[in-house]
Number of protein chains: 2
Amino acid sequence: MSKKDDILKAAITLFADRGFQDASMTEVAKMSGVSGATVFYHFKSKEALFLIALETVKDGIIQEFDQYLSEHDFESGLELAEGIISFYLYLAGTMEEWFLLLHSHYPYKLALVNEECRSHLEKIYNSLVDIFERAVALGREDGSISAGDSRKTALVIFSMVDGVVRFKIYNLYDTGALFNELINSCRKILKYKM
Amino acid sequence: MSKKDDILKAAITLFADRGFQDASMTEVAKMSGVSGATVFYHFKSKEALFLIALETVKDGIIQEFDQYLSEHDFESGLELAEGIISFYLYLAGTMEEWFLLLHSHYPYKLALVNEECRSHLEKIYNSLVDIFERAVALGREDGSISAGDSRKTALVIFSMVDGVVRFKIYNLYDTGALFNELINSCRKILKYKM
DNA sequence: AAAAACTGACTGACCAATCAGTAGAGGTGG
DNA sequence: CCACCTCTACTGATTGGTCAGTCAGTTTTT
């Protein structure tokens with residue numbers, strides 16, 4: 001692996017662990033075994049490094065979901081939705097860094113003034129909500145789901161799952177203990193009609 | 001209002017807006033119209049100021065919910081649950097600062113090494129989940145709710161609502177557009193039995 | 001030899017925290 | 001009434017340290 005990759009990997013870890021402001025470029029350099037100046041040779045500024053870190057996380061998340069969906073078959077839209085939730089929780093466990101970065105405040109503040117940042121965030125959330133929405137739409141066709149508006153239902157389910165992930169990565173509650181309850185709640189939202 | 005209160009108020013705004021590390025004591029001083037040294041006269045360190053800001057938010061949230069619950073009557077446990085959700089979203093709109101502070105990474109990192117911080121966070125979340133849990137338990141008694149485990153159901157509902165609040169304060173999606181969907185989803189989770 | 005990768009030493013800006021000292025309110029003795 | 005004292009609130013100036021970013025020059029690769 002090239003030194004540039006080492007730096008990027010260290011940056012993701014540190015930005016996730018400490019947040020943008022509290023992660024110093026000196027630390028990134030130390031963690032990746034290069035001198036401070038080398039970091040600036042490969043990345044023109046701290047903000048630029050953060051944006052590339054965010055882009056890497058974006059690509060990682062999207063690629064992982066693509067792979068998961070291509071490797072599994074689902075009997076119904078409802079089963080697909082449950083699979084996505086399970087995989088989201090699994091990924092948040094194995095790739096905790098990605099979700100810590102995604103739950104930190106900085107990218108959302110930067111997105112207000114930086115179009116590239118906004119674009120990365122939109123891509124991530126749109127991709128994830130799209131996946132849920134496709135499951136809902138599919139389930140409505142095959143009869144396994146009877147919820148109303150696909151997009152809004154997908155958004156609420158996503159915010160529920162992401163809320164549980166947040167509790168997990170901030171050490172508030174254990175996701176494992178809530179997994180069954182989460183899947184059950186999701187089924188109820190999707191199966192029933194008010 | 002005393003200068004100490006001015007400082008605390010400015011600190012809450014700045015910590016919420018920029019996070020702990022990016023909010024400087026000089027800025028807090030400037031915003032509250034005192035000299036830099038005065039901030040340290042009233043609060044012994046930046047961390048101590050943050051802890052008091054968090055405590056103030058804790059007291060504010062708990063007091064607001066106490067008042068809301070004492071001023072309203074509810075026909076059933078289900079109606080109470082819906083009222084709590086509505087009020088949570090309302091409060092996140094009017095007191096956005098509180099929820100920004102509560103969604104920032106720093107307090108959860110500090111909680112790992114600082115007991116006082118951990119205690120504040122636990123108090124906030126336990127109070128909120130308790131309120132939901134009481135609604136679920138009440139609804140099971142009066143027949144308006146048929147969900148399983150009260151605590152776990154309360155946790156999932158809370159994480160769903162808090163997830164939507166996060167989308168709102170991070171400018172990802174508009175809470176208003178999701179309100180009806182959220183209430184509907186909550187009803188489904190609470191009313192039906194798998 | 002030329003280009004790319006890399007580094008040590010440095011700079012200016014900023015920041016948390018300190019400290020010596022000022023201003024004024026309130027109390028006390030003469 | 002005043003002279004003196006004390007305590008709280010407050011401040012300007014300073015300090016030691018950290019940080020992002022630069023640059024001139026060295027090493028490695030092609």
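Quantities reported herein were computed from a predicted structural model and do not represent experimental measurements. The figures here come from the full heavy-atom set of this structure, side chains too, leaving out hydrogens, waters and symmetry mates. Numbers restart at 1 for each chain; the letters A, B, ... are given by sequence-line order, proteins then strands.
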inquiry  = Less than 4.0 angstrom from a charged side-chain N to a carboxylate O is my criterion; do B:Arg151 and B:Asp130 meet it?
reply    = yes
request  = Just say parallel, tilted or perpendicular for the rings of A:Tyr170 and B:Tyr108, cut-offs at 30° and 60°.
outcome  = parallel
task = Check step by step if ring-ring contact (aromatic ring centres under 6.0 Å, His included) holds for B:Tyr68 and B:Phe65.
result = CA-CA 5 Å; B:Tyr68 173 76; B:Phe65 269 94; 7.1 Å; no
query = With Watson-Crick and G-U wobble geometry limited to distances under 3.5 Å, how should the secondary structure of DNA chain D be encoded in dot-bracket form, using | for bases paired to another strand and [ ] for crossing pairs?
reply = ||||||||||||||||||||||||||||||
message = Classify the ring geometry of B:Phe50 against B:Phe20: parallel below 30°, tilted from 30° to 60°, perpendicular beyond 60°.
response = perpendicular
query = Once you round it to whole Å, what is the distance between P of C:dA16 and CZ of B:Phe40?
reply = 6 Å
ask   = Relative to A:Tyr41, does A:Lys4 satisfy both conditions: NZ or CZ under 6.0 angstrom from the six-membered ring centre, and within 45 degrees of the ring's axis?
value = no
message = Check whether B:Asp142 reaches the backbone of B:Gly77 with its side chain - one donor and one acceptor, N or O, closer than 3.5 Å.
response = yes
message = Is there a path of hydrophobic side-chain contacts, each under 4.5 Å between heavy atoms of I/L/V/M/F/W/Y residues, joining A:Val129 to A:Leu182?
response = yes
inquiry  = What residues from residues 20-37 of chain A pass a heavy-atom cutoff of under 4.0 Å to DNA chain C?
reply    = A:Val34, A:Ser35, A:Ala37
ask   = For the residue pair A:Phe132 and A:Phe158, does the interplanar ring angle fall in the parallel (under 30°), tilted (30 to 60°) or perpendicular (over 60°) class?
value = tilted
task = Classify the nucleic acid contact of B:Lys4 as base, sugar-phosphate or nothing, counting any heavy atom under 4.0 Å across all strands shown.
result = nothing
request  = For residues B:Tyr173 and A:Tyr125, establish whether the separation of their ring centroids is below 6.0 Å.
outcome  = no
Stacked cation flag A:Lys46 on A:Phe15, 6.0 angstrom / 45 deg = no
message = Reading DNA chain D in the 5' to 3' direction, which nucleotide is the first one with an atom under 4.0 Å from a heavy atom of chain B, and which is the last?
response = D:dT8 to D:dG12
note = Walking DNA chain D from its 5' end, the first of B:His42 and A:Ser45 to be reached, judged by nearest nucleotide, is B:His42
